[in-house]
Amino acid sequence: MAVVCLEFFSGIGGLHYGLQESGVDAIVAMSFDMNENANTVYEYNFGIRPNNKAIDYLDIRDIDRYKASCWLLSPPCQPYTRGGKYLDNEDPRARGLIHLLKLMPKLDNIPSHVFLENVMNFENSQSRRMMVEVLGQLGFDIYECLVSPVQLGIPNNRLRYYMAATRKHTRSAEDNVKWTREYLARGKDAVFTEWPFGPALKTAAPCPMTPLAQYIDPESNDDQSLMVPETYILKRKRLEFDIVQATSSQTSTFTKGYGSKHLIGAGSLLQTKRLDVVENGFGSPERLLDLGLRFFSPKEVSRLHHFPYADDQRKSDFDSAQPIRYALRFPTSISQSQQLKLLGNSLNVHVVAELVKHVLFS
Ligand SMILES: C[S@@+](CC[C@H](N)C(=O)[O-])C[C@H]1O[C@@H](n2cnc3c(N)ncnc32)[C@H](O)[C@@H]1O
């Protein structure tokens with residue numbers, strides 16, 4: 001029988017696509033997110049509108065009614081970042097996750113599988129500590145790791161924290177307390193940074209790097225809507241742009257600011273002209289004006305994030321053996337900049353699929 005899942009903080013459904021690519025026999029019974037743009041895209045692709053009630057206000061019935069045995073979570077990352085002042089559990093944006101952790105032991109249907117994605121540094125947070133305490137006391141085994149798509153052969157850096165927890169029912173209540181205490185005492189040593197690790201060691205395939213050119217549509221070089229406006233470039237005194245060419249080995253993390261005037265730290269810009277000039281992005285901005293700098297298109301970013309694209313003629317080396325029931329498309333009501341924002345907030349589907357397949361359901 002298919003595993004019944006709930007997807008919390010669903011966005012455009014990155015975890016749902018990851019579950020699909022993993023090949024695990026599972027369905028997502030309900031998703032939860034309060035961002036209406038994200039929910040519009042989600043409904044367009046999965047045919048079901050996520051519940052838009054704030055997760056911090058869900059009650060036991062809202063969750064128990066689905067009799068779900070697997071929870072997928074990608075809560076907001078700001079509480080654990082410099083931008084969010086590292087407020088951790090004190091940040092109102094952490095409330096949704098904390099609320100779910102408090103509800104979990106009171107449910108009739110406590111999940112037996114829990115999967116969470118977040119930014120690097122979540123492993124140092126009070127939220128993570130609380131999560132280990134709740135899951136440990138309920139008898140879960142926990143795997144935590146930091147993985148970037150680069151480690152799996154995808155030329156995009158997106159180092160993220162993942163937790164995969166499975167309830168084994170093999171420990172007594174006393175043993176659960178002891179297990180949790182000992183697990184927490186391991187501190188950072190509990191977090192794997194190599195891929196593959198633990199249960200995946202036996203089953204994960206090696207990952208040769210795929211060339212970046214395979215992810216790029218050369219025809220997008222002529223798309224004026226993707227060109228970085230001169231005003232954005234000239235406005236900067238200190239540059240430090242990440243400029244890549246199709247022959248580069250990697251791209252940097254695309255964030256929710258990608259495609260806007262916030263050029264620094266938001267994601268790579270693609271150089272499409274004067275390819276003999278290799279720029280490091282430092283120095284005077286005028287120099288960059290004739291390099292044909294453009295943003296990666298939503299399609300290219302989705303490809304780097306390994307979302308299945310319905311009308312994509314390109315086949316990547318990791319195309320899933322699994323049938324694609326749900327692909328990613330954007331309704332015309334969602335503008336290009338909204339698409340990039342939603343993609344910047346999302347995740348790498350292939351990394352999730354590998355962890356779900358080899359660690360969560362190993
Ligand atoms: C990091 S994003 C997750 C993105 C998602 N994994 C994807 O693939 O698009 C966090 C999401 O949580 C949603 N969110 C944040 N706080 C929420 C809350 N209290 N209740 C419901 N949704 C919330 C945001 O709207 C956002 O879409």
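Bear in mind that the values here come from a model prediction, so they are computed numbers and not experimental data. Any value given below was found using the heavy atoms of this structure, including those in side chains, with hydrogens, waters and symmetry copies removed.
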TODO: Begin from the C-alpha positions of Phe8 and Trp71 and carry the test ring-ring contact (aromatic ring centres under 6.0 Å, His included) through to its verdict.
DONE: CA-CA 7 Å; Phe8 297 100; Trp71 287 14; 5.0 Å; yes
TODO: Taking only Lys NZ, Arg NE, NH1 and NH2, and the carboxylate oxygens of Asp or Glu, determine whether Arg61 and Asp59 approach each other closer than 4.0 Å.
DONE: no
Open item on the list: Taking ring-ring contact (aromatic ring centres under 6.0 Å, His included) as the definition, give me every residue that meets it alongside Tyr258, ordered by chain and number, with sequence neighbours left out.
Closed with: Phe254, Phe295
Task: Set of residues satisfying side-chain contact (heavy atoms from CB on, under 4.5 Å) with respect to Pro50, sequence neighbours excluded - done: Ser10, Ser31, Asn39, Tyr42
TODO: Sort out for me which residue in Tyr86, Tyr162, Tyr80 forms a ring pair (Phe, Tyr, Trp, His ring centres under 6.0 Å) with Phe122.
DONE: Tyr80
TODO: Could you tell me whether Met120 atom CE has more than 12 heavy atoms of other residues or ligands within 6.0 Å of it?
DONE: no
Task: Residue pair Ser252 / Asp242, side-chain donor-acceptor N/O under 3.5 Å - done: yes
Open item on the list: Suppose the criterion is side chain to side chain donor-acceptor pair (under 3.5 Å): which pairs have a residue in residues 95-108, not counting sequence neighbours?
Closed with: none
Open item on the list: Against Ser148, only a single residue in Asn348, Asn157, Thr193, Thr253 fulfils side chain to side chain donor-acceptor pair (under 3.5 Å); can you say which?
Closed with: Asn157
Task: Heavy-atom closest contact (Ser268 atom, Phe296 atom, distance) - done: O-CD1, 3.5 Å
- [ ] Report the residue from Val351, Leu201, Leu152 that forms a side-chain contact (heavy atoms from CB on, under 4.5 Å) with Trp195.
- [x] Leu152
Open item on the list: Check Arg274 with Asp290, please: is the shortest side-chain N to carboxylate O separation under 4.0 Å?
Closed with: yes
Open item on the list: Under a 4.0 Å threshold between the charged nitrogen and the carboxylate oxygen, would Glu300 count as salt-bridged to Arg303?
Closed with: no
Task: Tyr57 atom OH, over 12 foreign heavy atoms within 6.0 Å - done: no
Open item on the list: Hydrogens and angles aside, do Arg294 and Asn221 bring a side-chain donor and acceptor to less than 3.5 Å of each other?
Closed with: yes
Open item on the list: Hydrophobic clusters here meaning ILVMFWY residues chained together by side-chain heavy-atom distances under 4.5 Å, can you tell me if Leu100 and Met34 are in one?
Closed with: no
Mind listing the side-chain donor-acceptor pairs of residues 176-186 below 3.5 Å, one per line with the distance, residues two or more places apart or on another chain?
{"residue": "Asn176", "atom": "OD1", "partner": "Arg171", "partner atom": "NE", "Å": "2.9"}
{"residue": "Asn176", "atom": "ND2", "partner": "Gln137", "partner atom": "O", "Å": "3.2"}
{"residue": "Thr180", "atom": "OG1", "partner": "Asn176", "partner atom": "O", "Å": "2.7"}
{"residue": "Tyr183", "atom": "OH", "partner": "Glu144", "partner atom": "OE1", "Å": "2.6"}

Open item on the list: Is the ring pair Tyr66/Phe32 parallel, tilted or perpendicular, if the boundaries are 30 and 60 degrees?
Closed with: perpendicular
Open item on the list: With heavy-atom distances below 4.5 Å as the criterion, would you say the side chains of Pro308 and Tyr17 are in contact?
Closed with: yes
Task: Check: Glu36/Asn52 side-chain N/O donor and acceptor closer than 3.5 Å - done: yes
Task: salt_bridge(Lys299, Asp217) N-O dist < 4.0 Å - done: no
Task: Listed partners of Ser249 passing side-chain contact (heavy atoms from CB on, under 4.5 Å), at least two apart - done: none
Open item on the list: Is it the case that the side chains of Ser127 and Asp88 hold a donor-acceptor pair, with the cut-off being a distance below 3.5 Å and no angle test?
Closed with: yes
Open item on the list: For Leu275, give me all partners under side-chain contact (heavy atoms from CB on, under 4.5 Å), at least two apart in sequence or on another chain.
Closed with: Gln245, Gln271
- [ ] Report, as yes or no, whether the 6.0 Å neighbourhood of atom OH on Tyr143 holds more than 12 heavy atoms from other residues, nucleotides or ligands.
- [x] no
Open item on the list: Taking Met30 as the starting point, is it possible to reach Leu58 by hopping between hydrophobic residues whose side chains are less than 4.5 Å apart?
Closed with: yes
Task: Candidate list Ile154, Thr251, Asn156, test side-chain contact (heavy atoms from CB on, under 4.5 Å), partner Tyr215, passing option - done: Ile154
